[in-house]
Protein chains: 2
Amino acid sequence: MEKKKLSIIDIAHLANVSQATVSRVINKNGRFSEKTGKKVEEIIKKYGYETNMTAKSLRIAKSKTIGLIVPSIENEWFASLISQIETYFFQHNYSVFICNTSRNKEKEISYFKSLDAKMVDGIICITGENKLPIDVLTRDIPIVCTDRVPAKNNNVYIVSTDHYRGGYIATKELIKKGCKRICIIVRNRSISVNEQRFQGYLQALKDHHLPYDDQLKILISNKEDNFEGAKRATLKLIENHIHFDGIFGTNDWRAYGAIVALQSKYLRIPEDVKVVGFDNITISKVSQPPLTTINQDTQKIAVNASKTLLDLMNNPANNTIKHIQTLPVHIVKRKSTENK
Amino acid sequence: MEKKKLSIIDIAHLANVSQATVSRVINKNGRFSEKTGKKVEEIIKKYGYETNMTAKSLRIAKSKTIGLIVPSIENEWFASLISQIETYFFQHNYSVFICNTSRNKEKEISYFKSLDAKMVDGIICITGENKLPIDVLTRDIPIVCTDRVPAKNNNVYIVSTDHYRGGYIATKELIKKGCKRICIIVRNRSISVNEQRFQGYLQALKDHHLPYDDQLKILISNKEDNFEGAKRATLKLIENHIHFDGIFGTNDWRAYGAIVALQSKYLRIPEDVKVVGFDNITISKVSQPPLTTINQDTQKIAVNASKTLLDLMNNPANNTIKHIQTLPVHIVKRKSTENK
DNA sequence: GTGAAAGCGCTAACAC
DNA sequence: GTGTTAGCGCTTTCAC
């Protein structure tokens, strides 16, 4: 069956009005009589007319679409954020282009160009460390990042978690539960979320008069999987007879990797070693034993980032919007740090 | 700094040619001299011109964009599929609208309309059981589903896994390893993937002369979380003193829930009870013990679905394309079904 | 309160 | 091989 796509002109003819009137009715802006409005709306409903968004976008130079750039969709934490951002914009009648860069710079640049060409009204980046290629953009559109980006950019707004504080609280929990020699498992990246969590760890040690021991810093290489890397590194530590009684995994997968390693060596958690993770994703809840962890409020991050972008899109001149928002974290206590 | 968006006309002036020529160069179709081509391309690069896709879409009634409708992005299996589909289309110069329906019918309809209005060239649905609202579409665009949909629709193509065979193989593995009383954990839905896996289970029992016992069918309600539901239901079974020596969890989370329940009652896996899952997602690998499971080839599903859609978009009249593709599964054997 | 018409940036048919 | 131009469907200015 051939489908006939109706245009505004068709509706105008059917309703015996001009296309301008139909447009006014659709957008509820211009002035038109109640009677005309009713008539047009009826025809629209009857014939199942839908606005051609490409034409509309061309005309008004807006697309009611945003771009969401993410390093990976297959990461539960990102997925949760993506899902909530998408839900938010759906409610506000925006569509979302989800762009998966796989941490590939080329792909990221390509996506920026493509989003620009598709006339998105704004961009949210769930990034981390890298500098955004905003110079490829040919239009001035607002950008919100959910993690730290090198300052300098006045056009870029940031909504992020207090990773430093998270690292601090996580470490403090272990100290309070009696741990004296606390390992930290981190990934080896320069400026990043990891580094901030690490700094929080250092400060907590210092504040509680515990020495920092470089041997207890467990590095995972950038190629390694979090779980496998943490497991491997923890096993190595045990085999090297390096003594420790607490582990701060800088994310839940790293902490869980440590747990599995410890158990394979017949070390008991929390009796022999206590463990804390970060992120509060599923694995922390279903781990055996369940994992004490630092909760990042994804919902708040998603909503704040989304709202910030929406505000900027609706009113680009608004200068009451904060450039940097740092959101609080809290600890979720579970069995992995319990004392008997 | 005010950014000036250049149009084809601007480039035409700068290059001293007509806009038609610029268009020809950009699209490498029409005829133009090598010299002109070079000149125009230089100007384009120099001034950072990017095609305005809304104008192009309007003109050619195509958008180089597809819609990807998914019930949930926060499900590892879906996320993996999404990611691979997105990668495929990125390579072929298409953008992807990822639409998260949260299994909400209203949202799904709304997305179909919106995708239609945005002139997507095709749609992939990662669905499952429900009938698609393709009647809201005003244009004839190809649709590919990665799961079963009620037949009837000639416009809808299907790429799916052989869930029946998966259920069969999973059950057979348990039988081969000596299990006599095998539980199955399923969700209570009418026509679905679950049902097919269940049918495979039944057939395997029958083929090996084992009776089917209704007591061993563990139902999880639709509101319950897979992990929690399976855990709760398994505990109940144990507390009711119903004897069993094998469990087929119809997905990995259900199987893992069963494992945790068994362990909490000091039942050993695989010595006392053997367990098989389905999907081969991360939890099956990191479970203690690691879980034997049925692998669904996400890559193949993603590629076949994507390729099918691409073929249909490039050549809508192509009738050599199979309406239904069923992909094979295979078992991944791990410790949870090992014999001493 | 309504209509006529210009024009957003692009492609493609047609003319030369 | 290149230029001219109509028109995709929409919004919006200007007239009335």
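From a predicted model like this one, the values you see are computed outputs, not experimental measurements. Just so it is clear: chains get the letters A, B, ... in the order the sequence lines come, proteins before strands, and each one is counted from 1.
- Applying a 4.0 Å cut-off to non-hydrogen atoms, the residues of residues 32-45 of chain A that approach DNA chain C are A:F32, A:S33, A:T36, listed by residue number.
- Taking the charged nitrogens against the carboxylate oxygens, A:D121 and A:K64 have no contact shorter than 4.0 Å, which rules out a salt bridge.
- Between the P atom of C:dC8 and the CG atom of B:L58 lies a distance of 13 Å, rounded to the nearest Å.
- Picking from D:dG9, C:dC10, D:dT4 the nucleotide with the shortest atom distance to the side chain of B:K56 gives C:dC10.
- Taking 4.0 angstrom as the limit, A:S7 places none of its side-chain polar atoms (N or O) nearer than this to OP1 or OP2 of D:dG9.
- Between B:A55 and B:N16, it is B:N16 whose nearest contact on DNA chain D lies nearer the 5' terminus.
- Between A:E41 and A:K28, at least one side-chain nitrogen of the basic residue sits less than 4.0 Å from a carboxylate oxygen of the acidic one, meeting the salt-bridge criterion.
- For A:K28 and D:dC10, the NZ to C1' distance is 17 Å, given to the nearest whole Å.
- One side chain, A:N52 or A:T54, offers a donor N or O that lies under 3.5 Å from an acceptor on the other.
- No donor-acceptor contact under 3.5 angstrom links the side chains of B:S110 and B:E106, judged on distance only.
- Under a cut-off of 6.0 angstrom, the local environment of NZ in A:K300 is sparse, with at most 12 non-hydrogen atoms contributed by other residues, nucleotides or ligands.
- For A:K105, the NZ atom sits in a packed shell: over 12 heavy atoms of surrounding residues, nucleotides or ligands are nearer than 6.0 Å.
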Polar pairs (N or O, both sides) under 3.5 Å between protein and nucleotides 12-16 of chain C?
none

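- Other residues, nucleotides and ligands place more than 12 heavy atoms under 6.0 Å from the NZ atom of B:K39.
- Atom CD1 of B:I9 and atom P of C:dG7 are 11 Å apart (whole Å).
- The nearest whole Å value for the distance from the CG atom in B:D10 to the P atom in C:dC8 is 10 Å.
- Atom CE in A:M119 sits roughly 8 Å away from atom C1' in C:dC8 (whole-Å rounding).
- Residues B:S18 and B:T21 have side chains that bring a donor and an acceptor to within less than 3.5 angstrom of each other.
- If you check C:dA4, D:dC10, C:dG9 against the side chain of B:N52, the one that comes closest is C:dG9.
- Listed pair A:T21 / C:dG3 meets the phosphate criterion, a side-chain N or O lying under 4.0 Å from OP1 or OP2.
- Taking the six-membered ring wherever Trp is involved, the centroid distance between the rings of A:Y111 and A:F97 does not fall below 6.0 Å.
- Rounded to whole Å, the distance from NZ on B:K62 to P on D:dC8 is 18 Å.
- Rounded to an integer number of Å, the gap from A:I8 CD1 to C:dA5 P is 17 Å.
- Atom pair A:D116:CG and C:dG9:P shows a separation of 13 Å (rounding to whole Å applied).
- Phosphate contact (OP1/OP2 of D:dC10, side-chain N/O of A:Y49, threshold under 4.0 Å): present.
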